[in-house]
Undergrad: 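First the structure, then my questions, so here it is.
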Amino acid sequence: MQRPIRYGMASSDELPKNYDFAEVEERWQKSWRDEDHYFDPNSKKPQFVIDTPPPYPTGNFHIGNALNWCYIDFFARYKRMKGYNVMFPQGWDCHGLPTEVKVEELNHITKNDVSREKFRKMCRDLTIKNIEQMRLTLRRMAFSTDWSNEYITMMPKYYSKTQLSFLRMLKSGYIYQDEHPVNFCTRCETAIAFAEVSYEDRETQLNFFDFDGVEIATTRPELLAACVAVAVHPADDRYHNLKGKSLKVPLFGHAVPVVQDEAVDPKFGSGAVMICTFGDKQDVHWWKQHNLPLRKAIDRKGKMTEICGKYTGLSSTECRKAILADMKSAGILKKQEKLQQRVGTCWRCKTPIEILSNKQWFIRIRQQEIRDAAHQIKWYPEHMLLRMENWIDQMEWDWCISRQRIFATPIPVWTCTKCGEIVVPDEKDLPCDPTLTKPKQPCPKCGGNDFKGEEDVLDTWMDSSISVLNVTGWDGSGKPKIFPAQIRPQGHDIIRTWAFYSILRSVALTGSKPWDQILVNGMVLGEDGFKMSKSRGNVIVPEDLVGRYGADALRQWAATGAALGSDIMFSWNDVIAASRFQTKMWNIFRFALIQFGKDGIDENAPITALADRWLLARLSDTVAAVSARMENYEFDEALKAIREFAWDVLADNYIELAKGRLYASDVSRKSACRVLYTAYDSLCRMLAPFVPYFAEESYSYLKKGSVHKQPWVDFTFNDPAAKAEGDLLVKVVAEVRKYKHDKGLALNAPLGKVTVYAPHTTNDENDTARTINADVHWRTDKAHLDKVVSGIDFNRSVVGKTFRKDASAFMDAVKALSAEELAHPPKTIAVNGKDLPIPENAFAPQYSYVEEGAKVDMITVGDVIVTVAGKE
RNA sequence: GGGCUCGUGGUCUAGUUGGCUAUGACGUCGCCUUGACAUGGCGGAGGUCCUGAGUUCGAAUCUCAGCGGGCCCA
């Protein structure tokens, strides 16, 4: 049964004994209002705009997303409490191949079976369904999303901005069209960017063959038709005679020059390589360097072109086989060796990429510009900047932004069929699909009226790399008022893509860095330490976890799991520990509420007892520490400090000390209640960003109003003496407990007189006495103790081994020694009439102490002496 | 091959401007059902701080070399 929402001080009979997270979380989720999290454009508060990552709407919010969003929500909530006007937008990065593939799968079609428009609609419908699913999870997780700033990249409102940014960058010369080699996936039939290439190890064959008298080693004989040169190292003596010569390509017969290049490794293969357009990135290098011609041997579908003669139409694998067979029968194939190599593949479908030369759209990469902007951003953790720098430094090609797909932002250009002029739409006519509409004016160059709409579409990163411009309200007119954003949170896996492209685009379009700070979080690994994957069976689904332990427990796991930037192993242990902490907190609050229920709270009661001042001093330190950690996004440390204070300091020490006073009804009870009240209130507020449901529920028993609308805790209590003396108090209690434990006594067993000889007298309001159940006296004078030998500990393994049958006689002799002799034993001792040496470690005297005539036990706490008189 | 990052009890981890007996959690063992909580309390056992060399009165921490893991890239 669900309880009604209630606010304000509870009476103790209203208090449920157990914290039922499922009931509580559902109830609060229903009552919270979206409006409370809206960014207020007219606010006078300082702004805190977050450029959140728009997830790909697969329908499933995975645990890595959850970690990322928890971090965002922690600081979004914290900043709101600190008085900032926070924008926590939610975007959806819709376009791209996975959805196309999914639509084909679900409808049993290929994209060519239906019209482009129909296919797009199918993709849009699926995406909307997925987004709705994921929104539910976001709400269940209690993320304080600003739903008034939601954006969906496939919607006209968003992608018209993508198109606007394209037109602006085209105009300013950043974007150009060119025939250029690009990474190409022949399965997806599209160009892909370097960031989309992944690498796999595989074994291949290195083929040595006779190339017009020169031995050449190649892994890609099928590219023989595309051979445009042979390269050797200039210092390679074997090939001096080839300088300036040309060679005839076997099987094909065209002549190619021999070029010299330092980049050729004389030790690899035969030391002579053939340059083809294009086998790999190195070929592109050489091709540019030596101004070689272009011979295209492979087409977009991965088939051999006409220049391959009789091999035309074969796939590259078939062609390789055929050419090797023909080399063999011509007797020019010398030998074959196995070779380990890394091959670039399409990150989506794992097909090995080809480098093909096509007409494509590009964005110029101006490295220095990006580097400068990256340096103006504060990186958390700092070393992530290095990854960005390394990536920038080794960029060689411009960013290819055109894709040959359907579900994506159209490139808004037409080509005049008569003169080839590029024509663009008016900015006010965006969004625009050039395959469906025509330009309003004739061609400005030749006056022609026949145009071809661009069928290529934009890379998805072209959408998401303006997320920050979108949320800050960019409309093309320079730099928006609230730009740059304050922070970009993201994973380290997309530094070279999303972060890199966002910086590039912001600089190009506004001349400024996109954000003040970037916060980089790690990846979530499975419980076995490996990346989560279905095949490993180590995948954790957030919804499952939330169902079993609640959203707050998952959020705590995210906070405590890892330091910023480092990968985090998933651990059920941490989730269980989190849920236990909530139980503990609930019981602490229950205890406090029961006390408050007896005769209310006096918020101005004088703080009298030492323990009370001690607790407030420790609370003050905790608030300072937690606040500092929050400022630095060190959520693990922040939550750790809260837990430590609540569990160790408040529950295990303070409450144990103050219990007696709270049960009694003297004046100092009010002091303890006020302290409990302050701690309760502060803890709710410090916990609010981490466990919003739990904090809200707990706070509702204390006061009216939502804890999430309270300011962050501002509490200082400076009392170094109370801290030092209170620490002593706690230590004395701990030592006496240990003493009881060692004596086999129950912790509440009564003791007789306990005297503490400390440097200062301490007004502990009898807390110590009640806690350890003894008559406690605090004294500042020196302890007057008489040390008395009360017995002797024999080490029987030493005594027995040394004295054999004289052992008992030896022990009797030792017992007969005086106290003085026992403390400083002689070298020898008379046993059965003989003087025998006393072995080392044979015995140790036991001492007892006598204080004012009574026998006592002595405990030391640093230089403080505590005596305990038994209760006989 | 290059860059980044890391190596601490069985497991995960804190600690690096060099300095008390190396932190905590989980697990484990023992004791305790005391009026918030046994999803608790108290206590114990358990560590070559990856290896080696160096600097130093002193190294988990600094330097060098090596071994090993992870990530990114060639």
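Lettering of chains follows the sequences in order, A, B, ..., and the numbering in each one begins at 1.
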Undergrad: Could you state the OH-P distance from A:Tyr680 to B:rA36, rounded to the nearest angstrom?
TA: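 Roughly 16 Å, once rounded to whole Å.
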Undergrad: Can a cation-pi geometry be assigned to A:Lys378 and A:Tyr380, taking NZ or CZ under 6.0 Å from the six-membered ring centre and within 45° of the ring axis?
TA: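 Verdict for A:Tyr380: a cation-pi partner in A:Lys378.
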Undergrad: Sort out the partner of B:rA45 for me: Watson-Crick or G-U wobble, both distances under 3.5 Å, none otherwise.
TA: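 Pairing partner: none.
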Undergrad: Roughly how many Å is it from CG in A:Asp574 to P in B:rG24, rounded to a whole number?
TA: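 For the pair A:Asp574 CG and B:rG24 P, the rounded distance is 17 Å.
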Undergrad: Are A:Phe581 and A:Trp586 an aromatic pair by the rule of ring centers under 6.0 Å?
TA: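 No.
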Undergrad: Using a cut-off of strictly less than 4.0 Å, decide whether A:Lys640 has a side-chain nitrogen or oxygen near OP1 or OP2 of B:rU23.
TA: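 It does not, given that no N or O in the side chain of A:Lys640 lies less than 4.0 Å from OP1 or OP2 of B:rU23.
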Undergrad: What interatomic distance, in whole Å, is found between P of B:rA65 and the corresponding atom of B:rC29?
TA: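 My reading of the P atoms in B:rC29 and B:rA65 gives 47 Å.
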Undergrad: Could you tell me how far B:rC62 sits from B:rG44 if I compare only their C1' atoms? Round to whole Å.
TA: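 It comes out at 37 Å once rounded to the nearest Å.
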Undergrad: Is the shortest distance from a Lys or Arg side-chain nitrogen in A:Asp727 or A:Lys723 to a carboxylate oxygen in the other one below 4.0 Å?
TA: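 No, A:Asp727 and A:Lys723 are not salt-bridged.
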Undergrad: If the P atom of B:rC20 is compared with that of B:rA59, how far apart are they to the nearest Å?
TA: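 Those two atoms are separated by 12 Å.
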Undergrad: Can you find a side chain N or O atom of A:Lys17 that sits less than 4.0 Å from OP1 or OP2 on B:rC37?
TA: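 It does, given that an N or O in the side chain of A:Lys17 lies less than 4.0 Å from OP1 or OP2 of B:rC37.
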Undergrad: Tell me the partner of B:rA65, counting only Watson-Crick (N1-N3 plus N6-O4 or O6-N4) or G-U wobble (N1-O2 and O6-N3) with both under 3.5 Å; none if nothing fits.
TA: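 B:rU51 is the nucleotide pairing with B:rA65.
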Undergrad: Any side-chain N or O of A:Trp391 less than 4.0 Å from the OP1 or OP2 oxygen of B:rG3?
TA: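 No, no such contact exists.
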Undergrad: When the C1' atoms of B:rU61 and B:rU23 are compared, how many Å lie between them, rounded to an integer?
TA: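 Looking at atom C1' only, B:rU23 and B:rU61 are 15 Å apart.
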Undergrad: Aromatic ring centroids of A:Tyr19 and A:Phe694 under 6.0 Å?
TA: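 Ring centres of A:Phe694 and A:Tyr19 closer than 6.0 Å.
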Undergrad: If we take the P atom in both B:rU34 and B:rU21, what is their distance in whole Å?
TA: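 These two P atoms come out 41 Å apart once rounded.
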Undergrad: Which comes earlier along RNA chain B counting from the 5' end, the contact point of A:Arg387 or that of A:Arg590, where each point is its nearest nucleotide?
TA: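 Closer to the 5' end of RNA chain B: A:Arg590.
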Undergrad: Check every strand shown and say whether A:Ala592 touches a base, only sugar-phosphate, or nothing at a heavy-atom separation below 4.0 Å.
TA: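 No contact.
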Undergrad: Does A:Asn390 or A:Ala577 map to a spot on RNA chain B nearer the 5' end, using the closest nucleotide for each?
TA: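 By nearest-heavy-atom nucleotide position, the 5'-most residue is A:Asn390.
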Undergrad: Without decimals, in angstroms, what is the distance between A:Asp652 CG and B:rC37 P?
TA: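 To the nearest whole Å, that distance equals 14 Å.
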